[in-house]
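Have a look at the structure below before the remarks.
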Amino acid sequence: MQRRSFLAGTAGLTAAAHLARPALAQGEANQVLRFIPQADLSILDPLNTTAYPTRNHGHLCWDTLYGLDLDFRPQPQLAAGHTAEDDGRRWTFTLREGIRFHDDEPIRAADAVASVRRWMLRDTHGQTLSQRVEEIRALDDRRFEIRLKRPFGPMLDALAKASSYPCFIYPERFATQDPGRAFTEVVGSGPYRFVAEERVSGSQVVYRRFEGYKPAGGAVSLTAGPKLALFERLEWKHIPDPATAAAALQAGEVDWWEQVAPDLRPLLRRGRNITVDRLDFGGTVAMLRPNHLHPPFDNPALRRALLPAIRQADYMTAIMGDNRDLWREGIGCFPEGSPMASDAGMEALTGPRDFEVAKRAVQAAGYKGEKVVMLHPTDIVNNNNLTAVATDMLQRTGLNVESATSDWGTLLQRRANKNPPGQGGWSALIVLFGGMDLANPGGHPLLRANGQNAWFGWPTAPKLEELRDQWFDAPDLAAQQRIGREIQAQFFQDVPYYPLGQYLIDSAWRSNLTGHRKGMALPLNVKRA
């Protein structure tokens, strides 16, 4: 899956009247970049959420041991290199010289060890790695080792992953905190400092270049190579209303809009000095995630009962319109473009669609009228529209649905609540992930079915877990694909979530910006043309 972008971090205000003067039209053009993110930054800790604004914030403020180049090959970042011995059971990593945190303290092996340990508790790759770890320890200030009970082939791929969740390196005092308890202070290891005193919740986030950052060598490629902080100041301007965001870009009051609303693409393409282009050719997959901890979705028969009511085209047209060049249906548990994608079990989604069949199946599964609380964020266009379609679908199949409307930040807080729906919890929500995050069973957050340690929704599916573990030990791509088919067939039995289709996103920016980094939406390596 080819991915490309150029992004620069940004800030958010809720009305055009409050926006600052145009950045690139002024004398400060090479110093300030103003950007409209897809949503507000509501959580600062990258291990506390998979929300993409927090991920992008993480890549600004922290660095990783390894990065991925355009061919998805891991390349050293904070690491100078490594050795692998004893048939892959002993890995020794060496940090680069002269790398420092934002408080000017050196980045030590002890910081890396604590960061990897914290990451392993949360990340899907990391959780599997942790089951194979015998010991992880610092050898000196620049070297640490990971000893394994059994080999873990994707070690470097896991440490280099760019999303959901990246293994950022934090100071040891932060990395020893439980990832379930988010830290609120940012002491980074990356190219930009977070300016806490200028943060305005729901409106603005500001970053300044960290002069003490020491970039990696090599060529810029996805998240590998030097991270070039080409602006002194980055401002994220959260503008939830699409028309206001488009007007701000047209007026030159902002420089970049991360996700253009579909109905505004033609308008912006006609705009003078505005470029509209594809941000991510891997696409975004929409999913409906039920909460497996509480009725009614703790019942696998009821989850299966809803499958005949899933019409992926309904969801895609709700956000992308009738232009099928922009979206795909017939999407299973792996996105189009993934080597794991297959037709296994797909008749569950491609067979005849019938709400009445689903309604009868819901009753036959023993539904007792339990309230279904649907989390509904109203300040993000795609999530809002998809949630409306999903709510209607659930109601038409006979479920007692209540919409819990809120802003995106409130939803992120509530989705972590494991209480029953009547006690502040929830029953279902819409989830959007990029194709990179879902391409294989190792990193796919919503395929993990290890109960309380799974992604929000917390499914328990032992057979899925067993197949996933087999996938890690598969000797070649053909074996991985065979297991991938088995995983998808089992997926339609356990139904950890409902695939709703895959779509493409456009971004828009002032034409006097140029980008160097191809890959996912990262706030680096953007400069004025």
Side-chain angles (χ1 to χ4, degrees), residues 286-318 329-333 344-376 383 385-405 414-415 417-431 446-447 449 451 454-464 487-501:
M287 296 163 279
L288 174 61
R289 176 71 151 190
N291 188 334
H292 294 242
L293 297 183
H294 307 291
F297 295 121
D298 61 340
N299 178 356
L302 187 138
R303 297 196 301 270
R304 289 191 295 270
L306 293 177
L307 287 169
I310 301 294
R311 296 175 174 172
Q312 292 187 347
D314 290 350
Y315 295 89
M316 293 297 95
T317 55
E329 59 181 330
I331 302 300
C333 64
M346 284 299 295
E347 60 274 8
L349 293 175
T350 59
R353 306 291 85 194
D354 194 319
F355 283 101
E356 288 302 316
V357 168
K359 188 173 184 178
R360 291 194 296 271
V362 164
Q363 294 303 314
Y367 178 58
K368 298 180 175 62
E370 298 96 341
K371 183 179 293 185
V372 172
V373 175
M374 172 69 80
L375 298 187
H376 189 155
N383 296 66
N385 292 354
L386 290 166
T387 303
V389 177
T391 300
D392 178 68
M393 180 273 290
L394 294 174
Q395 289 172 337
R396 291 176 68 180
T397 56
L399 298 184
N400 176 19
V401 185
E402 174 186 291
S403 289
T405 57
R414 185 168 180 177
R415 76 178 183 183
N417 191 328
K418 295 181 179 180
N419 289 334
Q423 299 176 26
W426 55 278
S427 304
L429 78 163
I430 291 294
V431 181
L446 275 71
L447 265 186
W455 197 84
F456 308 101
W458 308 285
T460 298
K463 181 60 176 179
L464 267 182
I487 287 174
Q488 183 158 285
Q490 186 63 39
F491 167 85
F492 286 114
Q493 294 301 309
D494 295 319
V495 196
Y497 67 90
Y498 302 92
L500 304 179

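Residue pairs meeting the side-chain hydrogen bond (donor to acceptor under 3.5 Å, both in side chains) criterion with at least one partner in residues 418-427, sequence neighbours excluded, are Asn417-Asn419, Lys418-Gln452. Applying the side-chain hydrogen bond (donor to acceptor under 3.5 Å, both in side chains) definition to pairs two or more places apart or across chains, none involves residues 349-362. The stretch residues 287-304 participates, sequence neighbours left out, in these side-chain hydrogen bond (donor to acceptor under 3.5 Å, both in side chains) pairs: His292-Arg303.
Considering only heavy atoms from C-beta on, Leu349 stays 4.5 Å or farther from Tyr498 through its side chain. Residues Ile430 and Met287 are not in side-chain contact: their nearest non-hydrogen atoms beyond the backbone lie 4.5 Å or more apart. Phe297 places a side-chain heavy atom less than 4.5 Å from the side chain of Leu399. Inter-residue side-chain proximity for Val372 and Asn400 is flagged as unmet; no heavy-atom pair is nearer than 4.5 Å. In this structure, the side chains of Pro499 and Gln312 come closer than 4.5 Å at one or more pairs of heavy atoms.
Note: Leu375 CG to Phe456 CZ = 11.5 Å, rounded to the nearest 0.5 Å.
A pairwise comparison of heavy atoms in Met374 and Thr387 identifies CG-CG2, 3.6 Å as the closest pair. Looking at every heavy atom in both residues, Met316 comes nearest to Ala286 through CE-CB, 4.1 Å. Of all the heavy atoms in Glu329 and Ala313, the pair that sits closest is OE1-CB, 3.6 Å. Looking at every heavy atom in both residues, Val373 comes nearest to Gly425 through CG1-O, 4.3 Å.
Shown here are the salt bridge (Lys or Arg N to Asp or Glu O under 4.0 Å) partners of Glu402, two or more places apart in sequence or in another chain: Lys371. Listed by chain and number, the residues in a salt bridge (Lys or Arg N to Asp or Glu O under 4.0 Å) with Asp392 are Arg396 (sequence neighbours excluded). With sequence neighbours excluded, no residue forms a side chain to side chain contact (heavy atoms under 4.5 Å, CB included) with Ala364. Asp494 is linked by a side chain to side chain contact (heavy atoms under 4.5 Å, CB included) to Ala461, Leu464, Gln490, Pro496, counting only residues two or more places apart in sequence or in another chain. Under the rule for a side chain to side chain contact (heavy atoms under 4.5 Å, CB included), the partners of Ala361 that lie at least two apart in sequence or sit in another chain are Ala305. Taking the side chain to side chain donor-acceptor pair (under 3.5 Å) definition, one finds that Tyr497 meets it with His444, sequence neighbours left out. Glu370 is linked by a salt bridge (Lys or Arg N to Asp or Glu O under 4.0 Å) to nothing, counting only residues two or more places apart in sequence or in another chain. Residues that satisfy the side chain to side chain contact (heavy atoms under 4.5 Å, CB included) test with Ala489, not counting sequence neighbours, are absent from this structure. Every side chain to side chain donor-acceptor pair (under 3.5 Å) that Arg415 has, sequence neighbours left out, goes to Thr49.
With Gln488 contributing its side chain and Gly332 its backbone, the two residues share no donor-acceptor pair below 3.5 Å.
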Margin query: Assess the residue pair Phe355 and Arg311 against the criterion (side-chain contact (heavy atoms from CB on, under 4.5 Å)); give the C-alpha distance rounded to whole Å, side-chain angles, the decisive distance to 0.1 Å, and a yes or no.
Written below: CA-CA 10 Å; Phe355 283 101; Arg311 296 175 174 172; 3.6 Å; yes
Notebook entry, point to check: Would Leu288 and Leu386 satisfy side-chain contact (heavy atoms from CB on, under 4.5 Å), going step by step from the backbone distance to the final call?
Noted result: CA-CA 9 Å; Leu288 174 61; Leu386 290 166; over 6 Å; no
Next item on the list: For Leu447 and Trp455, run side-chain contact (heavy atoms from CB on, under 4.5 Å): C-alpha distance rounded to whole Å, both residues' side-chain angles, the deciding distance at 0.1 Å, then the answer.
Entry: CA-CA 9 Å; Leu447 265 186; Trp455 197 84; over 6 Å; no
